[in-house]
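Below is one structure, written out as structure tokens, with a few remarks after it.
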Amino acid sequence: MKKFLLILIISSPLLIKAQGFQVNLQGQKQQGMAGAGTGLMQDAAAVFFNPGGVSFLAGNSASVGVTPTFANGIFLDADNNSVARTNSPVGTPFTAYVVWGPDSSKFKFGFGVYTPFGSIASWENGWTGRYALTYMKLQSIYYQPTVSYKVCNKLGIGAGLVYGTGDVEFKQAVPTADASGADGQADLKATAANWGYNIGIYYKPCDKLSISLTYRSQVTMKVTNGTATFTVPASVASNFPSGPFTSTLPLPQVATLGIGYTVSDKLSLAFDANFVGWKSLDTLAFYYKNATAALPYTKLPRDYNNAYAFRLGGQYNVNDKLTVRAGVALSISPVPSGYVTPEVPDANKVNLTCGLGYKFSSHFVADASLTFENLTRKDNNKALQLNGTYKTYILAPGISVVYLF
Amino acid sequence: MKNTIHKTLFFLLLAALFVACKPNLTVPTASKGNMDPTRYVAIGSTMTAGYADGALYYQSQQNSFVNMLAGQFQLVGGGSFNQPLVPATSIGVGATGGSPLELGYSTDCLKATSLIPVPIAKTGDVTIFNTSVYASEGPFNNMGVPGARIITAVVPGYGNPANGVGNYNPFFYRMAANPATSSILSDAVAVNPTFFTLNIGMDDVLAYAMAGAASDSITSNNNFAAALNLIIAKLTAKGAKGVIANIPDVTQLPFFTTIPYNGLALDSSNNALLNLLRNPDGIYFHVGSNPFIIKDPSAPFGIRLMKSNEHLLLDVPLDSIKCDGMGSYYEGIPNQYVLTTTKIATIQSAINTFNGILLAAANANNLAFVDVNSFYKNLQAGITYNGVAMNMAFVTGGAFSLDGINLNPIGQALLANQFISAINLKYSSTLPYVDATKYRGVVFP
């Protein structure tokens, strides 16, 4: 006999985000130059930017840096004119690098800890897109031991083994009203980890010019122990697969061509072209251990394109102590039309950066940078039918200290 | 070191400034175009009244699509929208005196408990029927009356108790300016509307369908057209503009599509018994899901198996089916609970004709037209609104109230947006759509 099976499809996908979710804040000198720096060997951040050039660094050094990231977003629904804002907490991408090698050796060893992908977005209560997303946090940390070898005075090669860990949480409202009319909530939380690598070649045909090629592999983050929590009215709870889930999140490969050019003692320029393999993010799938007939899994079409970025930066040594930097970058979003989601409403963008460095002593340098991004994207998400304009300001002031020994 | 501290402070200051620096987007200005929302009147029946979950109650009235429309009109100079609200403290009342439905647990004759719509009280608040609110709250902009047909909308005394029970509409009695002489139309015209919505005609066929086409009747085409023309003539006499809606295919509403035609599950012993009993009538069963037996006077023995494209009504007595052999060993399911293919065709044909009349009238009078029928077809296929997926399925579809006929609040919001779309198109207005996520779907215990 017919029972009213209360099957509720999780109508709205649990989502993840885009190029915005790649963090290009891996070294203050480079940040000051719009993220270009693969071709200019400046400091221990080369562990990230180009392991091949690490062996060309003078002396030994260690650095730590942090870039508090403030993001303010707004959404205007094109259909109902409702406006919502984010109240996202501050993101804290950080870096720590050390490079060491005997003076006489052609080898240098390095270790880096950095946050190549991450994001945090929290939308105001009751916003019109809450069934897509209310909160999302992704944090990844890569640990990278590195060895670099100076083949000759013109060529260096290097490789690093990457161990990546990730921490991710998504929350969204579920359209099950309880007696008070309140929405249900879905909360998916997971940690993940996997291995990858980072390799690079540094070629310096003459004193003024260097050319670099680097490749950071995809790190396929495997979620083996996620926890899904569905807070819904008791009468429908059995239709929701609360409990463990598994998933896979590919953190994409990045290939970079970098050119460094030393114009004079005072002025040098850097140009980077990045290829980011977002094509790997085709579908995000969550498989629930307690799969129900109503919700055996969640599959979210992403259909990302590969992304490109072009970065041009320069630095000028004002005097022996002070260096100023500036840069401009053009980034092409991997998120195609019809797939923009509220985690990070990504867009093609041009952004300007500036920075400065100060050498306090032969052992101690401090660098600071400022990155500002203004993203505007209008889209009608096909799966969600969420149609509107996102605008996001991101301000990322960063600071690092370098100790040379 | 001191410098570093200064720099740190500098960045902290920048950060503080940034927190105050928020992006902005300009909200487009809403404009009324060529429509005049000053005095908006809604003429309609059950849905316009805000009837849902089998009753008219305070919250359901607040969530009528016409009340939502009035809210959008108020963005462009619309006046207040006065509704004949039942008391906020009342549970409300259904057309036959029942209470609203809610999802609850109910134990059937087999002692099986399931989650189904159950009345929130033994009876509805029938004092609503006896209490005229016109003097205290009228006149009304919402002239939606549950159960009203297009032909009854023009009848004076439609709310007159002197006509006797069954011959007047108590929902109209309570809101009529003068129950003895008012018609829905005359009270609507008395408001001197500058704009109107006309969403009526569904009940001209729905009552017949809900009776399993065993009683009641469909309004004749001529009477339908005559009433429509009269309504439009009166409403537009002083230049009011408006929008006319057509009628959805009522046979596809959850009330008619939820109970499966083949819900008769037989194990081998029941199968053998039933075959023994029914094979002489030319009816054969098999182990597994079987169609129910229905009464059909034209069948050789007055009963036959249901066809897959025939509908059982939501009010069919399930306990009789489960425990007393209705639809299987005892008797065929009575006609009043079944829509056969013939009746479905009759109903659909009438709706097509009415919709043709409605469209022609909208065009002839240069009024906006809402294709509610297409909207329901789209809903049947599935609609996603800002991440909420809905369809026409009962309860699980998320858009219908528990009576299986009328929309729930989020469904009403989707309907309101259909009207806005038609109005913007016709009158070059730029009314924003209703944010449907502000309205609830199905409430679960």
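We name chains A, B, ... by the order of the sequence lines, and we start the count at 1 in each one.
Using a 4.5 Å cut-off between heavy atoms, N374(A) makes no contact with chain B at all. For a residue to count as touching a neighbouring chain, one of its non-hydrogen atoms must lie under 4.5 Å from one of that chain's; by this rule S82(A) touches chain B with the side chain only. Heavy-atom distances place the backbone of V434(B), and not its side chain, under 4.5 Å from chain A. Contacts between N417(B) and chain A at a heavy-atom distance below 4.5 Å are absent for every atom of the residue. With a 4.5 Å cut-off on non-hydrogen atoms, Y439(B) does not touch chain A at all.
By the 4.5 Å heavy-atom criterion applied to side chains, L69(B) and Q72(B) are not counted as neighbours.
Ring to ring, Y135(A) and F170(A) are not that close: their centroids are 6.0 angstrom or more apart.
Using cut-offs of 30° and 60° for the angle between ring planes, the F75(A) and Y390(A) rings count as tilted. Ring planes of F256(B) and H311(B): tilted class, angle from 30 to 60°. Taking the six-membered ring where the residue is Trp, F364(A) and F360(A) present tilted rings, their angle falling between 30° and 60°.
Counting heavy-atom pairs closer than 4.5 Å to chain B, the top-ranked of the candidates T128(A), L76(A), N81(A) is T128(A). Interface check for chain A: of the options P445(B), P432(B), G441(B), the most heavy-atom pairs under 4.5 Å are formed by P445(B). Interface summary for chain A: among T26(B), V443(B), L431(B), the most heavy-atom pairs under 4.5 angstrom belong to V443(B).
Because its NZ or CZ atom is not both nearer than 6.0 Å to the ring centre of Y393(A) and within 45° of the ring axis, K391(A) does not count as a cation-pi partner of that residue.
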